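Right, one structure below, let's go through it.
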Amino acid sequence: MKEDTVSELVRIQHEDFSIDSEVKRVMASSRGIGGVTIFLGAARDFSKGESITGLDFEHYPGMAEKKLLDIRERALKNFDIIEMSIVHRVGKIDIGENIVLIVAASAHRNDAFMACEWAITELKRTTPIWKRETTQKGDVWVSQTP
Amino acid sequence: MKEDTVSELVRIQHEDFSIDSEVKRVMASSRGIGGVTIFLGAARDFSKGESITGLDFEHYPGMAEKKLLDIRERALKNFDIIEMSIVHRVGKIDIGENIVLIVAASAHRNDAFMACEWAITELKRTTPIWKRETTQKGDVWVSQTP
Amino acid sequence: MVTVKFFAMLKTLAKSEGKQYEISSPITVGELKELIKKDFPALAGLIDSRSLLVSVNQEFATRTTVVKDGDEVGFLPPFSGG
Amino acid sequence: MVTVKFFAMLKTLAKSEGKQYEISSPITVGELKELIKKDFPALAGLIDSRSLLVSVNQEFATRTTVVKDGDEVGFLPPFSGG
């Protein structure tokens with residue numbers, strides 16, 4: 001696959017994304033795709049007993065992108081999937097807005113489910129991205145997400 | 001939840017659907033949604049060694065809708081999710097097109113993954129919908145999907 | 001009157017969407033199947049298959065479920081939605 | 001020159017995005033941490049924490065990883081993306 005296609009499939013960006021567009025991009029890779037599992041992370045208004053009014057994400061430019069590319073490559077190697085895309089937003093994000101999208105496409109659904117769940121867990125574990133929550137007590141860096 | 005909101009969340013229709021719109025509809029139910037797992041079933045060009053050029057879905061009107069509503073209700077009862085929507089298309093569907101969409105939304109991602117995977121399995125098991133594949137040997141009713 | 005509905009492969013084989021049966025008293029699904037086999041010989045093999053499901057008034061039923069006047073009975077080949 | 005970068009909570013505590021260090025010969029990540037603790041006392045508690053990860057040239061590193069002239073070293077609080 002061409003370099004620039006991969007860089008469209010794996011991105012860190014400020015702007016919101018469209019799930020339909022991302023799925024279309026992934027579907028374009030093969031007519032053999034029968035199951036697509038998608039995980040969307042969204043900004044919720046409540047965390048660990050605190051009411052949240054907004055989020056702000058920071059990343060390590062360069063390293064974060066590298067880690068996401070690495071997750072895609074390992075997913076393609078370790079699961080029976082056809083394609084995967086990963087998009088993570090940074091900057092200020094309001095409650096209810098999109099944060100992260102993972103699209104895993106395969107011939108059969110089991111593989112797509114497994115790869116998608118693995119990828120979001122791996123993203124949280126290995127990708128240098130940090131969330132700051134705006135609460136009534138002020139802005140708080142979140143040191144771990146489940 | 002009002003009757004007509006539920007009938008928007010669970011539908012059988014000929015027209016294509018937009019994943020973004022369906023997700024928006026589900027997200028509108030709560031600002032506490034943090035994880036959304038989505039399964040999209042798409043028409044692939046290959047099945048059990050046969051090359052497929054198109055699909056045609058038939059359903060049992062009334063009963064199929066009832067079974068989908070029942071899946072949503074049981075998912076809300078048995079998993080820690082906030083909302084679920086299910087949309088299944090019927091009629092002629094071209095290769096690469098959308099067939100079915102399940103959106104499971106929860107505070108945390110594990111519950112959304114479990115509910116979504118359970119719901120698509122349950123849909124295939126209990127919902128009176130049938131697929132006819134157009135192959136080089138003619139039109140063939142599919143008697144079981146994995 | 002009992003409304004019998006065929007779907008998918010059954011509809012294709014029977015070359016019919018179903019049939020209405022006048023019954024003088026309630027009968028079982030099993031008894032209804034015998035009537036159908038007489039009217040639609042092409043369905044004889046499939047209609048007794050274990051993988052064929054039956055619904056009465058859009059709820060799953062068994063061979064011994066009783067069918068009354070006004071009921072709708074669906075004969076459902078294995079599903080392939082999703 | 002070694003480029004040290006702070007992120008998230010570390011950046012807030014240090015009130016700095018990082019610092020450049022002139023080193024005459026290669027040093028370990030552990031030795032670099034000692035230099036940083038002197039320059040940024042506010043980081044003293046966190047920088048030795050087990051949950052703090054360190055990267056050298058954008059790859060995960062350990063206390064004993066060697067840092068050479070031209071390297072970029074990131075100090076990474078626990079991630080909270082996703």
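As a basis for the values below, the full set of heavy atoms in this structure was taken, side chains included, without hydrogen atoms, waters or symmetry mates. Computed from a prediction, not measured in an experiment: that's the story for all the values here. Chain naming here is simple, since letters A, B, ... match the order of the sequence lines and numbering starts at 1 in each.
- Here the rule is side-chain contact (heavy atoms from CB on, under 4.5 Å) with A:L40, and of B:V103, B:I33, B:V36 only B:V36 fits it.
- Listed options A:N98, A:D45, A:V100 were ranked by heavy-atom pairs under 4.5 angstrom with chain B; first place goes to A:D45.
- Residues B:E117 and A:T37 form no side-chain contact, since every pair of their non-hydrogen atoms from C-beta on lies 4.5 Å or further apart.
- Applying the side-chain contact (heavy atoms from CB on, under 4.5 Å) criterion to B:E122, with sequence neighbours excluded, gives B:I71, B:R74, B:W118, B:R125, B:T126.
- Looking at B:A107, both its backbone and its side chain come within 4.5 Å of chain A, counting heavy atoms on both sides.
- Identified by a heavy-atom distance below 4.5 Å to chain B, the contributing residues of residues 14-26 of chain A are A:S18, A:I19, A:D20, A:V23, in residue-number order.
- Ring geometry, B:F113 versus A:F113: the interplanar angle exceeds 60°, so the pair is classed perpendicular (tilted spans 30 to 60°).
- Separating the CG atom in A:N110 from the CD1 atom in B:I120 is a distance of 11.0 Å, to the nearest 0.5 Å.
- You'll find the side chain of B:R44 reaches within 4.5 Å of the side chain of A:H108, heavy atoms only.
- Within the 4.5 angstrom heavy-atom criterion, atoms from both the backbone and the side chain of A:T121 approach chain B.
- A search for side chain to side chain donor-acceptor pair (under 3.5 Å) contacts involving A:S30 returns nothing, not counting sequence neighbours.
- Comparing B:I102, B:I38, B:I99 by how many heavy-atom pairs each has under 4.5 Å with chain A, the most go to B:I38.
- In plain terms, the two heavy atoms of B:G96 and A:M27 that are nearest each other are O-CE, 3.5 Å.
- The salt bridge (Lys or Arg N to Asp or Glu O under 4.0 Å) pairs that include a residue from residues 94-108 of chain B are B:R89-B:E97, where partners are two or more places apart or lie in different chains.
- Heavy atoms closer than 4.5 Å to chain A are found in both the backbone and the side chain of B:F39.
- The candidate with the highest count of non-hydrogen atom pairs below 4.5 Å against chain B, out of A:G41, A:C116, A:A112, is A:C116.
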